[in-house]
Protein chains: 2
Amino acid sequence: MATIREVARLAKVSVATVSRVTNGVAVTPANKAAVLAAIEQLDFRPNAFARSLATDRSSAIGVVVNEVTGLFSGGIVQGIESVVEKHGMHLAVSSGHRVAEKEKQAFEALSQSRADALILLVSATSDSDLIELANRDRPVVIIGRYIEELSDNCVYVDNVHGGYVATKHLIAQGHRRIAHLTGNLSIKDGRDRLEGYKTALRDAGIEFDEALIVESEFVEEGGYRGMQHLLRRGRDFTAAFAANDQSAAGALLALKENGLKVPDEVSVVGYDDLLLAKYVSPALTTVGQPYAEMGKAAAKLALSAIGISSATRIVTKFEPKLVVRESVAPYQKVAVTA
Amino acid sequence: MATIREVARLAKVSVATVSRVTNGVAVTPANKAAVLAAIEQLDFRPNAFARSLATDRSSAIGVVVNEVTGLFSGGIVQGIESVVEKHGMHLAVSSGHRVAEKEKQAFEALSQSRADALILLVSATSDSDLIELANRDRPVVIIGRYIEELSDNCVYVDNVHGGYVATKHLIAQGHRRIAHLTGNLSIKDGRDRLEGYKTALRDAGIEFDEALIVESEFVEEGGYRGMQHLLRRGRDFTAAFAANDQSAAGALLALKENGLKVPDEVSVVGYDDLLLAKYVSPALTTVGQPYAEMGKAAAKLALSAIGISSATRIVTKFEPKLVVRESVAPYQKVAVTA
DNA sequence: TTGTAAGCGTTATCAG
DNA sequence: CTGATAACGCTTACAA
């Protein structure tokens, strides 16, 4: 690959002038033309490393997510990429796999000067480690959790409100005995959604019944087992709110196996609005999150932190939104059979 | 950030020695200990650019896919990452968005010495441009298409065989009037699957009927419209093979709207085995492709091309596999009503 | 085994 | 506006 020196020689100018041309700095038209011609002829492309070494800029944004291909991290990554590529920058991605050590490894690799800023969507690393990381030299933006000390660099959605919205929708349809298949309660999202559920009940004057709660997990199997568990005790509820779509899908399956019709006999609402929500039968009423928007916001935050992109106000707190499909029906007195 | 020089000074050795320990080259134990201590104390991490500039190695693999978050490119990217990270390398990803110019832009950026090798899963770039790219300095591996001239660096699956398998399954269940909702025929995958369909019919001695073919597209809407079109003409088929799961899902919807039961009245098989195949109702019998495996193979190919990883035989041609679920039933004479 | 010093290909400073 | 030249931080002969 040709170097800047060869171009300079061919164009009969100094390397400095070539550098000026490739960086869009003013140069005599004649020189510019000569340089451009030489570049063309030699098929010269500046060496990114040398440039980065000299400028201390990689023109890359580092992204570490739980899984590159995660059902929703996918949408977020897409959002990030759309704004990053618009600014001529690149993406260096790594998966953290929800394992603290792997996440750390990914940060280190990326911040070892490969990335000008980091965007993180990770589960295993503690808040304090994240804070420590953010206090190094490169800007860090966090997606999916709110950390007080880093509040300006967090892009997140209000899970409490999400749980509230889901539950309230059920209440508005007349349901009062509403079960909740929680997510993994060691994860904050799970706790928040549960809290939203409780708040909605309280606001509606419905007494909270511990018996209607079953701690499940954020996977299909968890929803399935949770619902089985609930049903084995006798069906004393007319609706259920699952902490995510996958567990909702599992619940749907359990309901079907028990000969219960959704939504006629039991209404179900999920959370996340994954692609599957639309395909499951009946199509799932769920709470959607603006993944792409969140990714875009994170990218804008990162870009403005390194002085690129205009720094107009960037929204960092997003509201979940109810997506109505077919898995919820109004409460029907007759349906309740203990 | 501390530099190698500072470490050398603190450890009272030369920079060369420091370099040696960071690169695992033999050094006196005493020196090694001193260096390690200094590194620890200064929190030194080698500057990746300087290292790359000196070695002409980025320790990154460039990946350009149609969409980072694509329903199946996701699985492929995951496969790639799993082997790449195992070798301490990184991923630089870009989306080509199925637009020739964007794809080209992505190649250029990545090959501008940011990546030691390129893995491409792109649709818009022509074979000849790909060949040209592959003849530059960095190794290139192509996923999802077979290019004669680059045969050793292509990881692909036999779409003809996939179409064959899908159709044959239907035939084995006794169906003879089998419709085919093709994919976009300007895309090779679509043409190949159609060819497989035809071959299966021929092998079974079933006459090919142009009227049972409708060119659709690789999206839900396409499958929906295609099926509508077919039904409007009167239902003279008992089974249908859709060129991908999304169009199969659309077909399912059209069938349902027309009051036809799947699989009792019409059997359906899809292609791809996306997550939705499992959730659609009835669950879709489909043809799956080993996405993760393909990604792994591509990564191994790339790694071995740059001299990393052992070069054991790497499988590059994959066979699609039938995944049986619930959308296919044996042919029932009584069901056919023209 | 170790140290010295010459690159690696750019950018940026500073005269001119 | 242009050109020399000193960084940038690391690796790698080469010599000791």
Side-chain angles (χ1 to χ4, degrees), chain A residues 1-36 38-39 42-60 88 108-109 111-116 137-138 306-307, chain B residues 1-36 38-39 42-60 88 108-109 111-116 137-138 306-307:
Chain A
M1 177 68 75
T3 73
I4 198 174
R5 230 174 294 274
E6 305 177 52
V7 174
R9 195 174 311 138
L10 182 59
K12 298 187 195 306
V13 296
S14 71
V15 296
T17 296
V18 176
S19 175
R20 289 185 182 106
V21 172
T22 63
N23 289 296
V25 178
V27 158
T28 338
N31 275 341
K32 182 168 180 179
V35 170
L36 255 18
I39 287 179
L42 298 174
D43 189 27
F44 165 77
R45 271 159 299 174
N47 178 305
F49 302 134
R51 178 174 271 177
S52 291
L53 181 57
T55 58
D56 194 35
R57 283 253 162 146
S58 67
S59 71
E108 296 300 346
S111 65
Q112 214 169 108
S113 73
R114 318 195 94 75
D116 295 337
D137 46 356
R138 292 165 210 287
I306 56 179
Chain B
M1 177 69 76
T3 73
I4 198 174
R5 230 174 295 273
E6 305 177 54
V7 174
R9 197 174 311 139
L10 181 59
K12 299 188 194 307
V13 296
S14 72
V15 296
T17 298
V18 176
S19 175
R20 288 182 185 112
V21 338
T22 63
N23 289 297
V25 178
V27 158
T28 341
N31 276 340
K32 182 168 180 181
V35 170
L36 256 18
I39 287 179
L42 297 174
D43 190 25
F44 165 77
R45 272 156 300 169
N47 179 305
F49 302 134
R51 176 175 275 177
S52 291
L53 182 56
T55 58
D56 193 35
R57 283 252 161 148
S58 67
S59 71
E108 296 300 346
S111 65
Q112 213 169 103
S113 72
R114 316 195 97 71
D116 295 336
D137 46 357
R138 292 165 210 287
I306 57 179

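No hydrogens, no waters, no symmetry mates; every other heavy atom, side chains included, goes into these values. Computed from a predicted structure; not experimentally measured. Below, chain A is the first sequence line, B the second, and so on; all start at residue 1.
- Formation of a donor-acceptor pair under 3.5 Å by the N47(B) side chain with backbone atoms of F49(B) is found in this model.
- Using a 4.5 Å heavy-atom threshold, the side chains of R51(A) and T22(A) count as touching.
- V15(A) pairs by the side chain to side chain contact (heavy atoms under 4.5 Å, CB included) definition with I4(A), R5(A), A8(A), not counting sequence neighbours.
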Original post:
When you check every protein heavy atom under 4.0 Å of nucleotides 6-16 of chain C, what one-letter string (B, S, -) results, 5' to 3'?
Top reply: -BBBBSBB---
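- Nucleotide dT1(C) holds its P atom 12 Å from the NZ atom of K32(B), rounded to whole Å.
- Atom CG of N31(B) is separated from atom P of dT1(C) by 11 Å (rounded to the nearest Å).
- Contact annotation: T17(B) side-chain N/O to dG3(C) OP1/OP2 distance is under 4.0 Å.
- The two residues K32(A) and V27(A) have their closest heavy-atom pair at N-CG1, 3.6 Å.
- Although no hydrogens or angles enter the test, the distance criterion places no donor-acceptor pair under 3.5 Å between the side chain of R45(B) and the main chain of Q112(A).
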